[in-house]
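Quick note: residue numbers are just sequence positions, from 1. As the structure lists them, so they are numbered: ligands from 1, and atoms in each ligand from 1. Everything numeric in this text was worked out from a predicted model, so none of it was measured.
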Amino acid sequence: MGDVAYERVAANLAEVRQHIRAAAAAADRSPDSVELVAVSKTHPAEAVRRALAEGQRVFGENRVQEAEGKFPALKEDFPELRLHLIGPLQTNKARQAVQLFDVIESLDRPKLARVLAKEMAAVGRRPDCLIQVNTGEEAQKAGVAPADLPDLVQLARDDLGLPVKGLMCIPPQSESPALHFALLAKLAARHGLSVLSMGMSADYETAIQFGATWIRVGTGVFGPRATAPAT
Ligand SMILES: *Cc1c(COP(=O)(O)O)cnc(C)c1O
C-alpha cells in the first residue's frame with residue numbers, strides 16, 4: 001500500500017468523469033446534473049487527499065466510526081468538502097452522524113427518522129436526508145420496502161420536517177439494475193423528490209440513463225478494496 005497504491009486516483013477520476021459526460025450526453029442530460037460521490041470506505045485519508053487534489057469534493061463513507069477517524073482533519077483543510085453517509089445507521093450513532101455528515105443517504109425506518117429529528121434539534125445541524133428504498137425487497141438488505149415508502153415520507157418529511165431530498169437504492173447483485181433504477185425514479189417523482197442516488201462502479205452509466213443525480217463510485221475511483229466492507 002502506501003503512495004503507490006493510490007497513484008492511479010487522478011487517472012481513475014479523469015476516466016470516471018469522462019464516462020459521466022458521455023453517459024449524460026447519451027441521455028440528453030447536462031453533465032452538471034450528475035454529482036459524483038467518491039466512496040472512500042476502507043481507503044486511508046491519503047487516498048482522499050489524492051482525490052481532493054483533483055478537485056473532488058464529495059465523498060461517501062458507510063461507517064460512522066471509520067469516517068470519524070478520517071474526515072474531521074480533511075474537513076478542516078477543505079471546508080467545502082461534503083461527506084455522505086451511505087451505510088446503515090444505528091440510532092445510537094445518530095448524534096455522531098448528524099455532527100459529521102452533510103448528507104445521510106440511509107434513512108430507512110420510522111424510529112431512525114424520529115431520532116434524527118431529535119438529534120438535529122439538539123446538535124443544531126440539519127444534514128440533508130435521502131430515504132433508502134429496498135427495491136429488490138431483499139431480506140438482508142437495509143432500506144424501506146416500496147410499499148412502506150409513502151408512510152415514511154409522510155413521517156420524515158411532512159410530520160417531523162426532516163430535510164428529505166430524495167431516494168437511494170442498492171439493486172440486488174444478481175439482477176439487472178435497470179428495473180430498480182426505473183422504479184426508484186418513479187417513486188421519487190411520485191413524492192416530488194428530486195435527488196436520485198443510484199449507480200455504483202459497475203452500473204453508474206445505466207443509472208445516469210435512468211435519471212441518477214448522484215452516483216456513488218468507490219472502486220472506479222480508488223481501486224479495489226482490500227477488505228470486504230460490512231453493509
Ligand atoms: C461501497 C458502496 C458503494 C461503492 O461501490 P463500488 O462498487 O466500489 O463503486 C456505493 N454505494 C454503497 C451504499 C456502498 O456501500
Side-chain angles (χ1 to χ4, degrees), residues 1 5-6 8-9 11-20 23 34-44 47-48 50-51 54 56 58-67 70-71 82-90 93 97 100-109 112 127-138 140-144 165-178 180-181 183-184 188 195-231:
M1 301 297 279
Y6 296 107
R8 279 203 53 80
V9 168
N12 289 348
L13 260 177
E15 194 176 310
V16 170
R17 286 168 176 161
Q18 174 55 39
H19 287 160
I20 291 171
V34 182
E35 178 89 70
L36 169 62
V37 179
V39 176
S40 51
K41 66 188 186 197
T42 78
H43 298 290
V48 177
R50 296 251 179 177
E54 301 305 315
Q56 179 66 31
V58 185
F59 296 89
E61 286 280 337
N62 70 335
R63 293 171 149 194
V64 176
Q65 208 169 337
E66 182 184 343
K70 257 188 267 184
F71 276 88
R82 306 242 325 146
L83 185 60
H84 293 213
L85 177 64
I86 60 171
L89 178 57
Q90 296 170 318
K93 301 245 175 75
L100 180 62
F101 290 91
D102 303 290
V103 180
I104 294 172
E105 296 200 17
S106 49
L107 171 54
D108 66 352
R109 56 199 191 278
L112 181 58
D128 285 343
C129 297
L130 301 191
I131 294 180
Q132 182 176 349
V133 183
N134 187 357
T135 58
E137 309 206 39
E138 296 171 278
Q140 78 285 4
K141 193 164 272 175
V144 65
K165 306 294 182 184
L167 304 179
M168 181 270 243
C169 77
I170 309 170
Q173 288 206 330
S174 56
E175 288 177 35
S176 135
H180 297 272
F181 297 155
L183 172 60
L184 199 72
V195 174
L196 278 175
S197 175
M198 55 192 199
M200 312 187 357
S201 294
D203 55 21
Y204 65 87
E205 286 151 298
T206 305
I208 289 169
Q209 191 187 330
F210 282 88
T213 60
W214 296 352
I215 56 171
R216 310 178 308 268
V217 180
T219 310
V221 172
F222 295 108
R225 287 179 289 274
T227 50
T231 50

Sorted by chain and residue number, the ring-ring contact (aromatic ring centres under 6.0 Å, His included) partners of His180 (sequence neighbours excluded) come out as none
If we number the atoms of ligand 1 from 1 as shown, the ones under 4.0 Å from a heavy atom of Ile170 are 13 (C)
Regarding Ser106 and Gln132, is there a side-chain donor-to-acceptor distance under 3.5 Å anywhere? no
Min over Glu105, Glu61, Met200 of heavy-atom distance to atom 10 (C) of ligand 1 lands on Met200
Per-atom filter on ligand 1: closer than 4.0 angstrom to a heavy atom of Arg216 are 4 (C), 9 (O), 10 (C), 11 (N), 12 (C), 13 (C)
Under 4.0 Å from one or more heavy atoms of Lys41, ligand 1 contributes atoms 1 (C), 2 (C), 3 (C), 14 (C), 15 (O)
Using a 3.5 Å distance criterion without hydrogens, assess whether the side chain of Asp102 forms a donor-acceptor pair with backbone atoms of Pro127. no
Taking only non-hydrogen atoms of Val217 and a 4.0 Å limit, the atoms of ligand 1 in range are 9 (O)
Geometric class of the Tyr6/Phe222 ring pair [parallel <30°, tilted 30-60°, perpendicular >60°] | perpendicular
Within 4.0 Å of some non-hydrogen atom of Gly218, the atoms of ligand 1 are 4 (C), 6 (P), 8 (O), 9 (O)
Residue set satisfying side chain to side chain donor-acceptor pair (under 3.5 Å) with Lys165, at least two apart, ordered chain then number -> none
Filtering Val221, Val39, Ile86, Val16 for the heavy atom nearest atom 13 (C) of ligand 1 leaves Ile86
Checklist line | Sidechain N-carboxylate O distance under 4.0 Å for Glu66, Lys41 | finding: no
Close N or O approach (Asn62, ligand 1; < 3.5 Å):
no
